[in-house]
There are 2 protein chains.
Amino acid sequence: MNKTMTATKGAFPGVRHDHGDCVAGALRAAEELCAQRGARLTKLRRRVFELVWSSHAPVGAYDLLRRLARERDGAAPPTVYRALDFLRGHGLIHRIESLNAFVGCCAPGLAHAGQFLICSACGTAAEIDDPRLDAAIEKRAKALGFAIQRKTIEVEGLCPPCQARRS
Amino acid sequence: MNKTMTATKGAFPGVRHDHGDCVAGALRAAEELCAQRGARLTKLRRRVFELVWSSHAPVGAYDLLRRLARERDGAAPPTVYRALDFLRGHGLIHRIESLNAFVGCCAPGLAHAGQFLICSACGTAAEIDDPRLDAAIEKRAKALGFAIQRKTIEVEGLCPPCQARRS
DNA sequence: TAAGATATGTTATATTATAACATTCTCAAA
DNA sequence: TTTGAGAATGTTATAATATAACATATCTTA
Ligand SMILES: [Zn+2]
Ligand SMILES: [Zn+2]
Ligand SMILES: [Zn+2]
Ligand SMILES: [Zn+2]
């Protein structure tokens, strides 16, 4: 475990964690994964990935676009959506359906259905992978003869720091 | 239990179920609920509710609008969105985040966080309310000190009839 | 190097949702 | 029964999110 705790699956990243480590780690993992698969993590895609990882709060496509447009002219919606599609296709980021926004995956490469706890105050999303939760879904689906293709689990609420801040 | 089985929470409505019964039951329940609460289920709201209930597949706001506009002129986006907001506020319908669409609630009045199995082939959504699933989420949230406000559980896949149809 | 495949640029448009203000309707108090 | 306040709806405009379609550039590999 790192001295300066970086974001881990199943926990809220500490307020003062070293986010540079998060980004660096995510980039390393993404590069490795793409190399293994012969997928091209181009400059543009890498940059979009970095922008998505700029915090642990999901980011909207047009936010990404605005930031991208500052550094690269001719950036238009397809520019960012295509990069997002690539990243999503390789499981490097997740889409948060209830927010129309995107967030970096904390465990790329591992098969998992993103499960998220999302703070409605600070926006931070914690990716979890609760086997009980998953098992409950699988079991119920099986009982009804339903063949699962994709799971969307998004729980909105208040993270511990934000609860403290309100009381 | 009805002779002609109507849609029940926790199951896929049969292909040949009497959907008129579903709609009639839903309308009765909505009327009762609104009466209890002193909420006004106006003509417009009731009509939007009926249109949402026109099938068990979630319907987009603009689909509703197109249909509404046939019968009522001057129907514009706010017309339908306001009705949807009202219905949602009273728990009479749910929004399916992963589809940007709306579906009737099978158990209005009862506290529950809509959990859905949604068929990617025919569109049918089955509302379930699995206590284990709910418990798993609550437990994990508690362990992380997360205060839940809203849960979004949407599982996409193939319903039994659609699986049969493909094989 | 040339050809094909992949990625990006560019323009236009589709889809979903809300803001802001005007008008009409409802219901109860005067 | 009036009338006035609040609620609901009408109306116009625009914001926010996403994709289609085609042109150009870049990469890969034979
Ligand atoms: Zn971090
Ligand atoms: Zn927070
Ligand atoms: Zn039905
Ligand atoms: Zn189906």
Side-chain angles (χ1 to χ4, degrees), chain A residues 30-31 34-52 57-90 92-103 123 152 154, chain B residues 30-31 34-35 37-52 57-90 92-103 118 123 152 154:
Chain A
E31 252 147 33
C34 287
Q36 276 172 19
R37 297 181 183 172
R40 290 165 58 189
L41 187 59
T42 61
K43 218 179 243 189
L44 173 62
R45 289 164 174 174
R46 178 199 313 272
R47 186 65 190 125
V48 171
F49 184 68
E50 286 170 359
L51 290 172
V52 169
V59 197
Y62 278 72
D63 270 354
L64 293 169
L65 176 56
R66 274 184 288 274
R67 298 197 232 164
L68 198 63
R70 279 185 215 131
E71 355 180 304
R72 168 186 290 258
D73 57 55
T79 311
V80 72
Y81 279 104
R82 283 193 289 229
L84 290 171
D85 284 347
F86 170 88
L87 297 169
R88 214 142 56 99
H90 287 283
L92 297 170
I93 63 173
H94 293 283
R95 179 171 206 272
I96 305 298
E97 303 291 346
S98 57
L99 298 175
N100 295 338
F102 303 83
V103 71
T152 301
E154 297 169 7
Chain B
E31 253 149 33
C34 288
R37 296 180 184 170
R40 291 166 56 189
L41 186 59
T42 62
K43 218 179 245 191
L44 173 63
R45 289 165 175 174
R46 177 199 312 271
R47 186 66 189 125
V48 170
F49 184 68
E50 286 171 357
L51 289 173
V52 169
V59 197
Y62 277 72
D63 268 353
L64 293 169
L65 176 56
R66 272 183 289 274
R67 298 198 231 165
L68 198 63
R70 279 185 215 134
E71 358 182 303
R72 167 185 290 259
D73 58 55
T79 311
V80 72
Y81 278 105
R82 283 193 289 228
L84 290 171
D85 285 347
F86 170 87
L87 296 169
R88 216 142 54 100
H90 287 283
L92 297 171
I93 62 172
H94 294 284
R95 178 170 206 274
I96 305 299
E97 303 291 345
S98 57
L99 299 176
N100 296 338
F102 303 84
V103 72
I118 306 158
T152 301
E154 297 169 6

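Just so you know, these numbers come straight off a predicted model, no measurement behind them. Chain letters run A, B, ... following the sequence lines, proteins first, then strands; residues in each count from 1.
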How close or far is atom P of dT15(C) from atom OH of Tyr62(A), stated in whole angstroms?
-> 14 Å
Rounded to the nearest angstrom, tell me the gap between atom CG in Leu44(A) and atom C1' in dT6(C).
-> 13 Å
DNA chain D nearest-nucleotide lookup for Phe86(B) and Asn100(A): closer to the 5′ end is Phe86(B)
Hey, which of these two, Leu99(B) or Arg40(B), hits DNA chain C nearer its 5' end, going by closest nucleotide?
-> Leu99(B)
Provide, to the nearest angstrom, the distance between the CG atom belonging to Asp85(A) and the C1' atom belonging to dT19(D).
-> 10 Å
Residue list, side-chain contact (heavy atoms from CB on, under 4.5 Å) with Ala69(A), at least two apart or on another chain = Ala75(A)
Rounded to the nearest angstrom, tell me the gap between atom CZ in Arg45(A) and atom C1' in dT8(C).
-> 9 Å
Nearest-Å distance, CG (Leu41(A)) to P (dT26(D))?
-> 19 Å
Check every strand shown and say whether Arg82(A) touches a base, only sugar-phosphate, or nothing at a heavy-atom separation below 4.0 Å.
-> base
May I ask you to test the Phe102(B)-Arg88(B) pair for a side-chain heavy-atom distance under 4.5 Å?
-> yes
Given atom CZ of Arg47(A) and atom C1' of dT8(C), what is their separation to the nearest angstrom?
-> 17 Å
Separation of dA7(D) atom P from Arg37(B) atom CZ, nearest Å, is 17 Å
Audit row: Leu41(B), His90(B), side-chain contact (heavy atoms from CB on, under 4.5 Å) steps and yes/no | CA-CA 10 Å; Leu41(B) 186 59; His90(B) 287 283; over 6 Å; no
Atom pair distance, as rounded to whole Å: CG in Leu65(A) and P in dG9(C) = 12 Å
After noting the C-alpha distance and the side-chain angles of Ser98(B) and Thr152(B), does the key distance pass the side-chain contact (heavy atoms from CB on, under 4.5 Å) rule?
-> CA-CA 9 Å; Ser98(B) 57; Thr152(B) 301; over 6 Å; no
Taken to the nearest 0.5 Å, the spacing of His94(A) NE2 from Glu154(A) CD works out to 10.5 Å
Would you call Phe49(B) and Ile93(B) a side-chain contact if the rule is heavy atoms closer than 4.5 Å?
-> yes
Arg82(A) bridged to Asp85(A) by N-O distance under 4.0 Å = no
Near DNA chain C, which residues from residues 71-81 of chain B have a heavy atom under 4.0 Å away?
-> Pro77(B), Pro78(B), Tyr81(B)
